[in-house]
Engineer: 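I have a structure I would like to understand better, so I am pasting it below and will then ask my questions one at a time.
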Amino acid sequence: MRVLFATVPAPAHVYPLVPLAWALRAAGHEAVVASHPDVADTVTAAGLTAVSLGERDFLTSEVPAEQAAILDRITDELELGPDEANFHTAIRHFMLETFGLYHPGRPPEPGSFTDELVEFATAWRPDLVIWDPLCFPAAVAARTVGAAHARILHAFDHFGWARQRFAERMTTDRMAAMMRPTLDRYGVDFGEDLLVGRWTLDLKPPRTRLPVRVDSRPLRRIPYSDDAPLPRWLHARRPERPRVCLTLGVSRRSFFAGGDEHPVAEFFDLAADLDLELVATLDAGQLASVGTVPDNVRVLDYVPLTALLPTCAAVVHHGGAGTLAAATAHRVPQLVIPAVGGADRMETGQYVAATGAGLVLTEDETTPEVLRDSLLRLLTEPGFREGADRLHREWLDTPSPAATVPLLEQLAAQHRTGPGTLEPAR
């Protein structure tokens, strides 16, 4: 069968798709990844076929003021409480903002991502479309050609949760109204599947999922990021002292340049007084507050976590899903320090702490003294290694991408309504 992956133009959104695309190809299926031109190199570097559509720098665009006011009204109708600030950030500024860019209340223009994605789907005839939860045109394109379609979640299902809450409270579906010009252009009727998929592949650990009533299928997240030549010191010998990784993720670099709230300079200072080796994967912007780099600190712009973490005794990170997956796969205790307004990153840290695999610090707790004590606990208390082992076993109990391929064949055959190339792998 032919499988079309569709995603917003962000490397951190491409990475979760790669292992499943590989698994489908290994089973004999065709798989391509459609996105904006910004991430074509990321896709091809993963050994996959990139389909570049629409405009560059899409995510830096602004929603028209009239539509932004509607998005604010939609958010207000959720009646989020003061203890749901992370939900507000995720829903209004990530989910709805991107929704408004793709559905600005007018028909898609020729050359837009939506128009070109529908054109490509019409020509290529996918049997199955698997889409990033922010890539809303993908479901429309699937409907136009009768393809089965599903979301692939790598974060909390804030959108599914919001739609469920809207159904309980809302009399007018403002999102459906914003989509109407697009749907009319392609002759597609509105349905809830256009927002939450026919079904959902969920890469989140089972215990972290929101109580959302969607057809959800668990999928093990295999850690993947861009490859790079390994520095000689990483593979030449084992570290003489405990090695600790400090990473703040690629998304912070892409979308929050100059706005990182993590105490990098303080962390370097406390590391200088400890008997450890700190490897910090940070770029120039994340190092802006640092004066002198201590002798026991290595700074690299990038090194694959799948290569670095097996040599580490602990990892300090921002709560990103990709880093969580890599630390889980390699059974490394974690110290999670979520950024301010970090959407679901605090919840990720709380999950790590609840399983005994590490610690999470709130903004108020992130002082040099607490950082030092927390890091020493991770390195000296065996219970955290045992917790990391438990987290690893839970991860192994989730179906792998290869084990999920037969399920996708079955579901694609069940949900496809149009003619296509659907055949089981041989």
Side-chain angles (χ1 to χ4, degrees), residues 6-8 10 12-13 15-17 59 63 67-68 70-103 130-139 150-170 173-176 178-179 192-219 221 249 251-252 255-256 318-322 324-325 336 338-351:
T7 180
V8 294
H13 288 241
Y15 297 154
L17 311 178
L59 292 180
V63 175
Q67 302 303 316
I70 296 174
L71 299 180
D72 289 336
R73 189 177 305 174
I74 291 171
T75 309
D76 290 343
E77 289 174 342
L78 285 173
E79 298 180 351
L80 297 171
D83 59 339
E84 295 175 309
N86 280 349
F87 275 54
H88 185 280
T89 298
I91 293 169
R92 174 59 185 91
H93 299 293
F94 295 158
M95 309 296 296
L96 287 177
E97 189 72 14
T98 310
F99 174 83
L101 290 174
Y102 282 123
H103 293 297
I130 298 176
W131 47 284
D132 175 286
L134 293 181
C135 193
F136 299 101
R151 296 180 303 162
I152 182 167
L153 288 176
H154 49 84
F156 285 141
D157 191 4
H158 290 109
F159 211 80
W161 180 89
R163 290 298 300 177
Q164 191 168 295
R165 192 149 170 168
F166 285 143
E168 299 167 352
R169 299 163 181 259
M170 197 169 54
D173 193 337
R174 303 182 197 280
M175 277 185 277
M178 289 178 69
M179 296 175 71
E192 201 65 20
D193 65 296
L194 296 176
L195 296 170
V196 297
R198 292 289 188 187
W199 74 92
T200 296
L201 296 168
D202 201 334
L203 292 162
K204 292 287 288 181
R207 283 192 282 167
T208 68
R209 294 172 190 159
L210 296 175
V212 178
R213 294 186 296 273
V214 298
D215 183 2
S216 181
R217 310 301 175 104
L219 175 63
R221 177 159 183 171
S251 293
R252 300 295 299 176
F255 304 119
F256 304 96
H318 60 307
L324 170 66
V336 183
V340 176
D344 57 3
R345 290 171 181 158
M346 177 56 72
E347 287 80 3
T348 295
Q350 291 168 345
Y351 165 66

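Keep in mind that the numbers below use all heavy atoms, side chains included, and drop hydrogens, waters and symmetry copies.
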Engineer: Which heavy atom of E84 sits nearest to which heavy atom of G81, and what is that distance?
Structural biologist: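 Of all heavy-atom pairs spanning E84 and G81, the closest is OE1-N, 2.7 Å.
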
Engineer: Can you sort out the partners of D173 under side-chain contact (heavy atoms from CB on, under 4.5 Å), two or more places apart, ordered by chain and number?
Structural biologist: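 For D173, the residues satisfying side-chain contact (heavy atoms from CB on, under 4.5 Å) (neighbours in sequence not counted) are R163, M170, M175, A176, F190.
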
Engineer: For the pair T75 and H88, evaluate side chain to side chain contact (heavy atoms under 4.5 Å, CB included) and give the outcome as yes or no after the intermediate values.
Structural biologist: CA-CA 7 Å; T75 309; H88 185 280; 3.6 Å; yes

Engineer: Rounded to the nearest 0.5 Å, how far does OH of Y351 lie from CG of L324?
Structural biologist: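 Result: 7.0 Å between the selected atoms.
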
Engineer: Run the side chain to side chain contact (heavy atoms under 4.5 Å, CB included) test on M179 and L195 for me, step by step, so that the C-alpha distance in whole Å, both residues' side-chain angles and the decisive distance to 0.1 Å come before the verdict.
Structural biologist: CA-CA 10 Å; M179 296 175 71; L195 296 170; 3.9 Å; yes

Engineer: What I'd like to find out is whether the side chain of H154 reaches to under 4.5 Å of the side chain of L17, using heavy atoms alone.
Structural biologist: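 A side-chain contact under 4.5 Å is absent here.
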
Engineer: Taking all heavy atoms of A68 and all of R92, pick out the closest pair and write down the distance.
Structural biologist: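 Closest approach of A68 to R92, heavy atoms only: O-NH2, 3.6 Å.
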
Engineer: Do you know which of L71, T98, L96 makes side-chain contact (heavy atoms from CB on, under 4.5 Å) with V63?
Structural biologist: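 It is L71, the one option of L71, T98, L96 that forms the side-chain contact (heavy atoms from CB on, under 4.5 Å) with V63.
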
Engineer: Go through V8 and Y102 one step at a time and tell me if the side chain to side chain contact (heavy atoms under 4.5 Å, CB included) criterion holds.
Structural biologist: CA-CA 10 Å; V8 294; Y102 282 123; 3.9 Å; yes

Engineer: Given 3.5 Å as the limit, does a donor-acceptor pair link the side chain of Q164 with the main chain of P211, or not?
Structural biologist: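 Checked: pair present.
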
Engineer: My understanding is that only residues two or more places apart in sequence, or in another chain, count here; which of them pass ring-ring contact (aromatic ring centres under 6.0 Å, His included) with F99?
Structural biologist: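 For F99, the residues satisfying ring-ring contact (aromatic ring centres under 6.0 Å, His included) (neighbours in sequence not counted) are H103, F136.
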
Engineer: Ignoring hydrogens and geometry, is there a side-chain-to-backbone donor-acceptor pair from R221 to L203 under 3.5 Å?
Structural biologist: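 No, because the side chain of R221 does not come within donor-acceptor range (under 3.5 Å) of the backbone of L203.
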
Engineer: At their closest point, which heavy atom of W131 faces which heavy atom of G197, and how far apart are they?
Structural biologist: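 Here W131 and G197 meet closest at CZ2-N, 3.6 Å.
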
Engineer: Do F156 and W161 have ring centres separated by under 6.0 Å?
Structural biologist: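 Ring-ring flag for F156/W161: false, centres at least 6.0 Å apart.
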
Engineer: Under the side chain to side chain contact (heavy atoms under 4.5 Å, CB included) rule, what do K204 and T348 come out as? Steps first, then yes or no, please.
Structural biologist: CA-CA 10 Å; K204 292 287 288 181; T348 295; 3.7 Å; yes

Engineer: Over all heavy atoms of both residues, which pair between T7 and C135 is shortest? Give the atoms and the distance, please.
Structural biologist: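 Heavy-atom minimum between the residues: N-SG, 3.8 Å.
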
Engineer: Testing D193, D202, D157 one by one against R151 for a side chain to side chain donor-acceptor pair (under 3.5 Å), which residue passes?
Structural biologist: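 Answer after filtering D193, D202, D157: D157.
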
